[in-house]
Colleague: 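For reference, the structure I am asking about is given below.
Small disclaimer: the values here were computed from a predicted structure and weren't measured. Note that ligands are numbered from 1 as they come in the structure, with each ligand's atoms numbered from 1 the same way.
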Amino acid sequence: MDFELTEEQKLFKEAVRGFVEREVVPVVDESEEKETCPVELFPKLGELGYLCPAYPPEYGGGGLGKIGDCILIEELARVCSGIAAGIMVQSGLTTFPILKYGTEEQKQRLLVPAIKGKKIAAYGLTEANAGSDAAAIETTAKRDGNYYIVNGSKIYITNGQICDIATISVSTDKSKGARGISTLVIERDTPGFSVSKMRKLGHHSAATGELVFEDCRVPAENLIGEEGSGFRYMLESLNGARISHSARSLGLSQAAFDASLSYAKERKQFGQPIGSFQAISFKLAEMFTRLEATRWLLYRVAWLYDQGAECRLEAPMTKFSSSETAIWMAEQAMRIHAGAGYLAESVIQRYFRDAIMYHTTEGTTEIQQLVISRGLGL
Ligand SMILES: Cc1cc2nc3c(=O)[nH]c(=O)nc-3n(C[C@H](O)[C@H](O)[C@H](O)COP(=O)(O)OP(=O)(O)OC[C@H]3O[C@@H](n4cnc5c(N)ncnc54)[C@H](O)[C@@H]3O)c2cc1C
């Protein structure tokens, strides 16, 4: 058993931290305030080979596996979960099906520019009537010669209104249910494809949008893998993405803990630092313990994934544990900061607004519990 990052992983973590300090910290406040995603970060990360650290170097990736991806996302989320959201979708969820099931031609045309940050990618699964019940999607793709004619819409899509390409789940054969779902990559300039912004409580620096397809003619060469296998690809993509999502929750938890610990040492009431009151010091002791437990479950699962394990039980476990921990941590940070945390200029209220969303994305907490309990034979 070795709980240390390798030298290569440590160097990567240091390099990413440097990048975050230099390039991300200065743009967080404005991006959050204006509710815009700093899109320039995609090519900046891409040029350095940091945007998709898990992917093979021959396509522009870092060759650092899921652990590399988790390091990137954790470091970004320590500073801004909203910015981490857009990068996370790009570094795994949306590009994964192309990497795993795309042809070499698709990889060169669609994946390589995404890994380099030259094309921003979105992942479109959720619809108005298909959230947790992903097999209920209603967006259709009907074959017409060398094209698919796509009709329908996708909601809550991260990178939605800034995407150049979108990896979309569509129904190519309604009569087959989940076995009639396929994966198409739709390019932004395809006639009939439009996007609009969706505003939200938190994650203001993540671009969240609705994607609408009206008689959208998509070349058949943009079908990923086999027709009818899209639901399986989606489950596989989401499973890996749940591990990266956990790194995002961990980054926010770390930030909430760090801010709370220093505030507890600085803030004085009744003539002493509030950290000297047991009510506060016990909270911090519990926060630190839960933070460490979350970290080691996550990195163990990422390691297992890199060894080739499917992690069908472990990925939902780390997603469930890390997101609920982050929500709890943000609330504790709010209690420790009290009035100071509630002010608009405080990062604590941002952590609080951002953390609550972790319950929902990449499958809700209840869906993770469902998958885990099924894995236990219940
Ligand atoms: C900010 C943001 C970004 C997002 N980004 C993307 C994206 O990039 N791409 C994308 O495709 N989607 C995205 N989503 C959508 C997200 O994946 C869905 O919101 C999520 O899957 C839940 O679906 P829903 O919101 O429709 O909730 P519902 O499925 O309607 O669930 C409502 C409630 O019922 C519970 N529930 C549902 N079914 C069961 C069950 N069988 N057992 C127990 N409880 C159940 C849920 O846990 C939840 O508490 C995003 C969402 C948000 C908020």
Colleague: Same cluster or not: Met357 versus Ile348, using hydrophobic residues (I, L, V, M, F, W, Y) connected whenever any side-chain heavy atoms lie under 4.5 Å apart?
Modeller: yes

Colleague: I'd like to check which ligand 1 atoms, numbered from 1 as shown, lie under 4.0 Å from a non-hydrogen atom of Thr364.
Modeller: 22 (C), 46 (C), 47 (O)

Colleague: To which of Asn129, Leu125, Ile155 does the heavy atom nearest atom 11 (O) of ligand 1 belong?
Modeller: Leu125

Colleague: When you compare ligand 1 with Thr361, is there at least one nitrogen or oxygen pair between them that comes in under 3.5 angstrom?
Modeller: no

Colleague: Under a 4.0 Å N-O cut-off, is there an ion pair linking Glu75 with Arg78?
Modeller: yes

Colleague: Check contact between His359 and ligand 1, using heavy atoms of the residue and a distance below 4.0 angstrom.
Modeller: yes

Colleague: Give, for atom OG1 of Thr183 and atom NZ of Lys100, the distance between the pair rounded to the nearest 0.5 Å.
Modeller: 12.5 Å

Colleague: Give the residue and atom name of whichever protein heavy atom lies nearest to atom 26 (O) of ligand 1, and the separation in Å to one decimal.
Modeller: Gly131 CA, 3.3 Å

Colleague: Do Ile165 and Phe42 sit in one hydrophobic cluster, given that two such residues count as connected whenever their side-chain heavy atoms are within less than 4.5 Å of each other, even indirectly?
Modeller: yes

Colleague: Between Ile367, Thr94, Thr158, flag the one that comes closest to atom 40 (C) of ligand 1 by a heavy atom.
Modeller: Ile367

Colleague: Identify which of Leu370, Leu238, Leu201, Thr126 has a heavy atom lying nearest to atom 16 (C) of ligand 1.
Modeller: Thr126

Colleague: Identify the closest protein heavy atom to atom 19 (O) of ligand 1: which residue and atom is it, and at what distance?
Modeller: Thr360 CG2, 3.3 Å

Colleague: Checking Arg188 against Phe193: charged group under 6.0 Å from the ring centre and within 45 degrees of the axis?
Modeller: yes

Colleague: For atom 43 (C) of ligand 1, what is the closest protein heavy atom, and at what distance to 0.1 Å?
Modeller: Glu366 CB, 3.9 Å

Colleague: With a 4.0 Å cut-off, strictly under, does atom 1 (C) of ligand 1 pick up any protein heavy atom?
Modeller: yes

Colleague: Note the single closest protein heavy atom to atom 9 (N) of ligand 1, along with its residue, its atom name and the distance in Å.
Modeller: Tyr123 O, 2.7 Å

Colleague: Indicate whether atom 32 (C) of ligand 1 is within a distance of less than 4.0 angstrom of some protein heavy atom.
Modeller: no

Colleague: Verify the ring-centre separation between Phe12 and Tyr50: is it less than 6.0 angstrom?
Modeller: yes

Colleague: Looking at non-hydrogen atoms alone, which of Ala136, Ala206, Ser132 comes nearest to atom 37 (C) of ligand 1?
Modeller: Ser132

Colleague: Determine, counting only non-hydrogen atoms of the protein, whether one lies under 4.0 angstrom from atom 14 (N) of ligand 1.
Modeller: yes

Colleague: For Thr190 and Ile186, indicate whether the former's side chain and the latter's backbone hold a donor-acceptor pair under 3.5 Å.
Modeller: no

Colleague: I'd like to know if Lys174 pairs up with Glu138 as an ion pair, taking the criterion as any Lys NZ or Arg NE/NH1/NH2 lying under 4.0 Å from an Asp or Glu carboxylate oxygen.
Modeller: no

Colleague: What's the shortest distance from atom 53 (C) of ligand 1 to any protein heavy atom, and which residue and atom give it?
Modeller: Met357 CG, 4.0 Å

Colleague: Polar contacts were defined as any N/O atom of the residue lying under 3.5 Å from an N/O atom of the ligand; does this apply to Glu362 and ligand 1?
Modeller: no

Colleague: Give a yes or no on whether a salt bridge exists between Arg335 and Glu331, defined as a side-chain N under 4.0 angstrom from a carboxylate O.
Modeller: yes

Colleague: Could you find the nearest protein heavy atom to atom 5 (N) of ligand 1 and give me its residue, atom name and distance?
Modeller: Tyr156 O, 2.7 Å

Colleague: Considering only NZ, NE, NH1 and NH2 on the basic side and carboxylate oxygens on the acidic side, decide whether Glu105 and Arg109 come within less than 4.0 Å.
Modeller: yes

Colleague: With atoms numbered from 1 as shown, which atoms in ligand 1 lie under 4.0 angstrom from a non-hydrogen atom of Ile157?
Modeller: 7 (C), 8 (O), 9 (N), 10 (C), 11 (O)

Colleague: Considering only residues two or more places apart or on different chains, which pairs with a residue in residues 58-89 satisfy ring-ring contact (aromatic ring centres under 6.0 Å, His included)?
Modeller: none

